[in-house]
Each structure stands twice: as structure tokens, then as C-alpha cells.
Amino acid sequence: MKAITLKTENGYKKTEQSKRTVWKVFKNQKYLYFMSIPFVLWVFVFQYLPLWGWTMAFQKYRPGVSFFEQKWVGFEHFRTLFQDDHFYQVLRNTLAMSFMGLAAGFIIPVAFALMLNEVRSQVMKRFVQTVSYLPHFVSWVVAAGIVTKMLSTDGGVVNSLLMSLNIIDQPIQFMAQGQWFWGIVTGADIWKETGWNAIIYLAAISGIGPELYEAARVDGASRLRQMWHITLPGIRPTIIVLLIMSIGHLLGTGFEKQFLLGNHLVIDYSEVLDLYALNYGLAMGRYSFGTAINIFNSVISLILLFAANGIFKRFTNESIM
Amino acid sequence: MGTVKSTASAGRMKSKLKSKSPLDRMLEVFVYLSMIVVTVLTIYPFLNVLAISFNDSVDTVRGGITIWPRQFTLRNYEMIFSFSGLITGFKISVLRTVIGTVAGLISGSMLAYTLARREFQARKFISTFLAITMYVSGGLIPGFILMKDLHLINTFAVYILPGLVSAFNVFVIRSFIDGLPYALQESAKLDGANDFTIYWRVILPLCKPALATVALFLAVGQWNSWFDTYLFNGSNESLTTLQYELMKILQSTTTSATNSQDAANMAQRMAQVSPESVKMAITIIVTVPILVVYPFLQKYFVKGMTLGAVKS
């Protein structure tokens, strides 16, 4: 009995004391709090409050009506979504372009970095690298304008080239045919981002110890073998981390490209989930329905992220969480 | 005599080291060829657009312009500058870029500094709180409703406020500060400086490389963004940006180009749509500011990209 009292007394004292130290440290760090709290609130308002907006998807949301007076409808909007044939077309487009972008936006920068690393002339290496970043810095508006111009039927370089090589005898209307659209988006993405995405791999390559290459050279390994047995394994952790991250962002790859490169002739191939939410949710004032689309998108992305992370953790011991 | 001999032997040594197997030589040729192809593919479209922008617009219709204008003229550019919508757009774009970059730098560095202070109690909580925003976001429509509820629609503030704190930028700056010797902060503290003074007088001046990186990201992001204008300020002509104006003009091309089979409407469309050369001139105006800036900041952003990616 006595022991117990003592214990509680001690425990009480302890919390009291730690409370006091917490308060003391808080006072000590008041400037740090002053400097961070406004921005934390900022993040809360602009990043977390929209998550609260997800409740809209389960309501028959009417603007200007308070939260408590909204009518709750459960999963009705999701049911509408899953029963809409158009939704499956949009989902197909999203997945197709995401996976094409993932494959191309992944393999090509690695290959580019490997090759750039083999360029012995420092001047040329730096020149090519500087040039390759260039498209990353122009907006998608400009990039889409350039792509459209290059592929146009009157004076576009692609058509003129194909014509002069006698591969085709009639200019192809690239931008007007659905079957070309996924490829055009992927190609535009490659053109715009390859150099930029290669930066991280180049940095990782430069971190590989030169003694490994020397040892390989002594053993008589060709440059190709050095690439395969030293460079590639050397950047494997980087590759895997970036792969997991891009899988997590798979469905969140946005809609800028599709919005800017698409037109009503190719809409069956160009419409992605976010555009669907924009056109059939926001533009029509169906906020709840649009939010349901957003939620579907986020949930799939999270599932993909965790799945990718789990798979890689299991097989390669590399993970981001 | 002796020197000549040693140079000769060094030369022989070098050539021996340089001797390559046929496979290596093939690889070399392949690598250099691909680098040339990459360079041409990247630059050609820009040079082509540049050439068209300086070419007479009637002549451009004949096609066949490559990287040199056939009939040089400055009229396309004169035409742009007589267009009042574009002048306003230019002003708004510059304004949002400057304000957005400065505001983003201050908020990002201040928050990053507090997170780099190891003894800061709330450090872990704030880090996690921020990191979550990199993976989860409310999405288009809840975001739109929020802006509406905050009465930010049709205001200039909608360009600055929502993106003020970016987790990625904060982490880039923080990892840079983490790399600075911690003793600097401790000795400043012993000298009686408070945390804000340390941030302002000690840390910020040392952070220039990280700040340059983040400034580039912010400025490029601000200059290039058009969708927020489309979504929030599209109807307010005094607040539209250059990218948005370009988007409207270019979108009008795609429709006319894809409908070109539609011969009956063609003439009428051509009258509405500005000529190709003018469009390309606007594209150049929109692109040039970035092309001027990025080579100077290259050494910084390469480092920043790597840091950010490793940490996040």
C-alpha cells in the first residue's frame, strides 16, 4: 500500500517536473516557434484543409450551405462513377499514359546518364548536359506549342523529314488522330525531362569510387562491361528509390500535357482522371462527383506507393519508408 | 635530350593506356553519335521557332523554314508589343515571379532553419507534417472550393499564397543547413544572439547556394504556371499572365489546324487566328527569360536536386 502511494507520488512529481521543463524549453525556443508556427498554420490551411474537403464526396454538396446542413449520401457518387462507362475509358487513358511515361521516363534517363558518363571530353559533356536541361525549364504551354508545331502538317519538321525520306507520301495529321496521342505525350515528356531526370543518376555515378574502375580495367574489362558491372550496380539504390517515388506519383502525373496537347478530336484518348474531374465535376458544378474522382485517384496512388515500397523492401532491401 | 626521351616514353605509355578494343571504339562512336542526336533533337525545335518568329508571316505559310529566317523582319515582335493584353500579362508574370520567389525564399528558409535546429522540440512533428503534403493532396476540386471560401478567386494573392510553403524546397534548404558546422550557431548563441538573429545574420548569408537553387525552382514555377490563372483568374483580364495568354493563342491554333479539312470555315478561322510567326514570337518572349537565367544557376541546382532527392 505504502509502496503504491510512493509510486504515484513519484510519478506525479515526475510529470510535474517534466511539464515544467517542457515549458522552460518552450520559452527558450520561443523564437523558433515564432518562426515556424505561422508556416505550419499556412500548410494546415492550404494543404490539409482541402483534405477535409473530401467529405464533399459523401455529401450532396451545395455551396454556401454550412457543413452540418449538408445532405449525406454515402457512396452514391462513387457508385455513379463506377457505373459510368466513360470513367473506364478515362482510367484506361490515365493508366496507359502513366505507365508509358514511367517506363520511358525511367529507362531513358538512366541510359542517357550512362552514355553521358562515357563521354571523355569534359567540354562536350558539359555542353550536352546544359543543352539537355533546357526543355525542362520551359513551360508545358511552350513545350506543347513546339510539339504541335513540329508535328504539324504544314511545315512541321517531322512530316517534312518523313516525306523527303519517302517513308510517307502524305503528311500525317499527328495531332488529329487518337492512336498517336499516347505516343505524342510520352515523346514530349521524354524530350522535356530526360536531361533533368538524368541529373540524379549522374550525381550517383560520380559517387562511385574510381578504384572500382581501375580494378576492372586491370582485369581487362571492356568499357561496356564496366558500365554493366560497376556503373549500373553503383546507381542501383538511386534507381530503386526514384522508381518507388515515381510509382507513388503514377496517377498524379497531372493533366497539363493532356490538356495542352489534346483537342476534341482525340478526346477519347487524351482525357485523364484529373481532366475528367475538371470537365465533369468542376465545370458542371458537380463538386461532389469531381471530389469522388480526386479521392479515387489519391487512393490508387497511395496503394501503388505502398505496394511498390513493399515489393522493393522485400526483394532488394531498399525502401523509402 | 633527356627531356625529349622522357616525353617520348610518356607518350608511348599514354598511347598504350589509350589503346582500345574494337568493342570499346564502337561504344565510343555510338556514344558520341547519340550525344549529337540528343543535342540536335533538343535544340532544333527552339531554333526553328526562333527563325519563324523573325520571318515574314506571309512567307512563313509557304513552309520550309529551318533554322534561318528566309525573309527577316521584326514586324511580328512589333505586333506583339502593340497588343495590350500581352503587356498586362507580361507585367503580371514578372510581378508574380518576383513576389512569389522572394516570399517563397523567406518562408522556406525560415522554416528550414527551425527544422535544422537539433534541439527544437517541434522539429519532428513539423517535419512529418510537411512530408505528408508531398504525397497526399486534396485534389483539384477541394482546392478550388477552398480558394473560393477564402475569397481568393480573382485576386493576385491566389498566385502567391497557396504555394508559399513547399515541402520539397524546405527540405532542400534544411539539408544544406545540416551540412554547415553546428558550432557556428552555438558560438553565435554564446555571444548572446537570439535564434532569429542567428538565422538572419549567420545562416542566411551562408545558404546562398541552396537559396539560389530554390529561387530558380520558385521563379521557374511562377513564370511557367498558367493553370492557376485558368482556374481562378481567367475571367479577369487585368490579372491574366503571359503563359495564360500564350495558352489561349496556341489553343486556338490546334483547333484550327485539326479542323483544316473543314474548308468552309477555314478562311474565317484564319482571320481570327493570329499568324504562325506571331505565335512563335510570343513563344520566344515567354521562353527567353528562363533561357537567360538557367545556365548561370546550373551549378547550384544540380547540387540542390541531388540533395533534395536524397533527403526526401
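By convention in this document, chain letters (A, B, ...) are assigned in the order of the sequence lines, proteins followed by strands, and residues within each chain are numbered from 1.
Using bins of under 30°, 30° to 60° and over 60° for the plane-to-plane angle, the ring pair A/F255/B/F227 lands in the perpendicular bin. Under the 30°/60° scheme for interplanar angles, the aromatic rings of A/F259 and B/W226 are found to be tilted.
Interface residue A/F127: only side-chain heavy atoms are found under 4.5 Å from chain B. Both the backbone and the side chain of A/M115 have a heavy atom closer than 4.5 Å to some heavy atom of chain B. When heavy atoms are compared at a cutoff of 4.5 Å, B/T42 approaches chain A by way of both its backbone and its side chain. Both the backbone and the side chain of A/L116 come within contact range of chain B, judged by heavy atoms closer than 4.5 Å. Interface remark: B/L150 contributes side-chain atoms only to the contact with chain A (heavy atom separation under 4.5 Å). Using a 4.5 Å cut-off between heavy atoms, B/Y113 contacts chain A through its side chain alone, with no backbone atom that close. For chain A, the nearby part of B/Y294 is the side chain; its heavy atoms alone come within less than 4.5 Å. At a 4.5 Å heavy-atom cutoff, A/S160 makes no contact with chain B through either its backbone or its side chain. For A/L51, the parts sitting under 4.5 Å from any heavy atom of chain B are the backbone and the side chain alike. Both the backbone and the side chain of A/S222 come within less than 4.5 Å of a heavy atom of chain B. For a residue to count as touching a neighbouring chain, one of its non-hydrogen atoms must lie under 4.5 Å from one of that chain's; by this rule B/Y32 touches chain A with backbone and side chain alike. At a 4.5 Å heavy-atom cutoff, A/T55 makes no contact with chain B through either its backbone or its side chain. The contact between B/V38 and chain A is made entirely by side chain atoms (from C-beta outward), counting heavy-atom distances below 4.5 Å.
B/K189 meets the side chain to side chain donor-acceptor pair (under 3.5 Å) test with B/D195; sequence neighbours excluded. When the salt bridge (Lys or Arg N to Asp or Glu O under 4.0 Å) test is applied to A/R120, the partners found at least two apart in sequence or on another chain are A/E118.
Scanning both residues, A/V119 and B/V31, for their nearest heavy atoms gives CG2-CG1, 3.6 Å. Between B/I141 and A/G290, the closest heavy-atom pair is CD1-CA, 3.2 Å. What you find for A/F46 and B/P162 is that their closest heavy atoms are CD2-CA, 3.7 Å. For the residue pair B/L130 and A/V43, the shortest heavy atom distance occurs at CD2-CG2, 3.9 Å. For the pair B/L216 and A/F137, the tightest heavy-atom approach, listed with the atom from each and the gap, is CD2-CE2, 3.6 Å. Of all non-hydrogen atoms in A/S36 and B/L111, the two that sit nearest each other are CB-CD1, 3.7 Å.
For the set B/V293, B/L246, B/V286, B/I65, the count of heavy-atom pairs under 4.5 angstrom toward chain A peaks at B/L246.
In this structure, A/W54 and B/P142 have side chains that are in contact, with non-hydrogen atoms separated by less than 4.5 Å.
Between B/L231 atom CG and A/L278 atom CG the span is 6.5 Å, to the nearest 0.5 Å.
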*Start with the C-alpha gap between A/W191 and B/F46, add the side-chain angles, then the distance that decides, and say whether ring-ring contact (aromatic ring centres under 6.0 Å, His included) holds.*
CA-CA 12 Å; A/W191 178 75; B/F46 288 105; 5.6 Å; yes
*Take A/Y31 and B/F196, measure what ring-ring contact (aromatic ring centres under 6.0 Å, His included) needs, and give me the verdict at the end.*
CA-CA 6 Å; A/Y31 282 100; B/F196 184 77; 7.4 Å; no
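When each of B/I126, B/T114, B/V165 is paired with A/V40, the side-chain contact (heavy atoms from CB on, under 4.5 Å) condition holds for B/I126 and for no other.
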